[in-house]
Amino acid sequence: MSKLPDAVPCPDKPPLHLKGGYLCVASPGNFTEACFSVPAVRALRLFRPQATIAVLCPESQAGLWEVMPELNEVITYPDKASARQIASSLRDQEFTYESAIAWEAGEAAKAFARAEILQRLGYPAAGLKKYLTDVVEVVQSPGPIEHRVRHYLNFVGKLGGDAYVRANFQAPPLQPPPPRLQIVISPGSSYGPASEWPVERYKEVVDLMEARYPDIDWAIVGENVGKRKTDICDKLELLLEGRAKNFSKVWDRAKLIQSLPYSSALLACDGEVAHIAAHLGLPAAVIFGPNEPEWKRPLGRQSRVIREHVACSPCYLEKCPLDHRCQNEVTVEMVVAELEAALAVRYV
């Protein structure tokens with residue numbers, strides 16, 4: 001008598017899948033996290049090429065998503081809007097969205113429930129689960145630190161999409177490089193002063209670069225218009241004595257997204273502007289200090305990380321309790337070398 005093959009065990013529950021052709025994805029509230037979620041949204045487009053896909057985001061993030069051809073719609077709401085206001089905006093849309101993805105708890109996740117979107121997916125995060133109809137659980141094994149982009153891509157993979165393919169990381173095409181070098185400097189960081197390289201050293205970089213490249217223009221930009229981040233930009237403007245134009249008080253995120261593609265390269269500390277450049281595909285030299293590049297570096301090979309890994313890093317602190325050694329040990333020569341490498345990518 002022949003032995004029967006072992007029975008395949010029945011799954012505990014059927015696999016999750018997107019049920020509708022109209023999908024709305026809530027952007028993470030933090031701008032850097034929103035940048036890290038972009039490849040997952042591209043993966044959703046590849047996964048569901050015929051679907052109508054929208055991103056729901058605060059108005060301050062609109063420029064980030066509006067440059068993405070993969071989206072059918074960008075639905076914005078005031079940054080301080082309530083779930084009731086956001087839900088009302090969703091009901092006023094041309095399409096009735098059948099499925100929604102929320103990455104985190106917040107007013108957008110509440111709004112999906114208030115708008116009675118039939119399928120609401122998300123991680124079982126604190127404060128989020130009660131607003132979901134379908135919980136997506138991704139089991140992670142202990143191992144080396146993983147970049148935050150995987151947090152979002154693994155979600156799409158759990159739904160059955162191809163998460164880790166080149167197309168999901170493909171930035172929009174840049175404008176042709178300007179014939180005269182135009183380098184943007186972003187010396188301030190929204191992560192705090194511990195993430196900022198000493199401002200005097202940017203002047204040394206400018207001096208050294210101008211000695212090597214006679215035809216070069218400089219622009220200074222900040223992370224948030226009208227906030228503390230403009231102070232360091234003003235200080236750098238004074239140090240450079242008219243050799244750079246300071247746009248920190250007039251360029252917001254939308255203007256940065258519009259203008260950076262016309263530049264040659266970016267020199268920045270670890271902060272939002274570096275992630276905007278990565279989103280646009282602009283080559284950049286990015287100076288890291290207390291943060292961990294393996295966890296939160298800007299996406300793309302054109303983003304070149306400069307870091308001196310001292311014993312106390314990463315500490316993730318906004319203010320250094322010691323001697324700022326992770327920044328002080330990054331030399332001008334290291335920065336110039338990576339900036340030149342970034343320019344070589346732009347002028348290949």
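Remember, it's a predicted structure, so these values are computed and weren't measured experimentally. All residue numbers refer to positions in the sequence shown, counting from 1.
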With clusters defined by side-chain heavy atoms of hydrophobic residues (ILVMFWY) lying less than 4.5 Å apart, directly or transitively, does V305 cluster with V149? no
Between the side chains of D207 and K203, is the shortest nitrogen-to-carboxylate-oxygen separation below 4.0 Å, so that they form an ion pair? yes
SB check K110 E107 (cutoff 4.0 Å): yes
Where is the tightest heavy-atom contact between [X] and [Y], given as atom of each residue plus distance?
X    : Y    : value
A108 : I86  : N-CD1, 4.2 Å
E329 : R201 : N-NH1, 4.4 Å
A26  : W103 : O-CD1, 3.0 Å
A87  : A115 : CB-N, 4.0 Å
G188 : E223 : O-CG, 3.6 Å

Identify, with sequence neighbours excluded, every residue that meets salt bridge (Lys or Arg N to Asp or Glu O under 4.0 Å) alongside D323. R325
Among residues at least two apart in sequence or on other chains, which ones pass salt bridge (Lys or Arg N to Asp or Glu O under 4.0 Å) with R45? none
Using side-chain heavy atoms (C-beta onward) and a distance below 4.5 Å, is E104 in contact with N30? no
Quick check: do L118 and E98 have side-chain heavy atoms less than 4.5 Å from each other? no
Side chains of residues 278-293: which donor-acceptor partners sit under 3.5 Å, not counting sequence neighbours?
| unit_1 | atom_1 | unit_2 | atom_2 | d |
| --- | --- | --- | --- | --- |
| H279 | NE2 | L64 | O | 2.8 |
| N291 | ND2 | D270 | OD2 | 3.1 |
| E292 | OE1 | R307 | NH2 | 3.3 |
| E292 | OE2 | E294 | N | 3.0 |

Evaluate side-chain hydrogen bond (donor to acceptor under 3.5 Å, both in side chains) for W251 paired with S259, printing each intermediate quantity in order. CA-CA 9 Å; W251 282 16; S259 302; 5.0 Å; no
Ring pair (Phe, Tyr, Trp, His ring centres under 6.0 Å) with F155: of Y123, F47, F36, only one passes, and it is Y123
Between Y22 and E73, do the side chains contain a donor N or O and an acceptor N or O under 3.5 Å apart? no
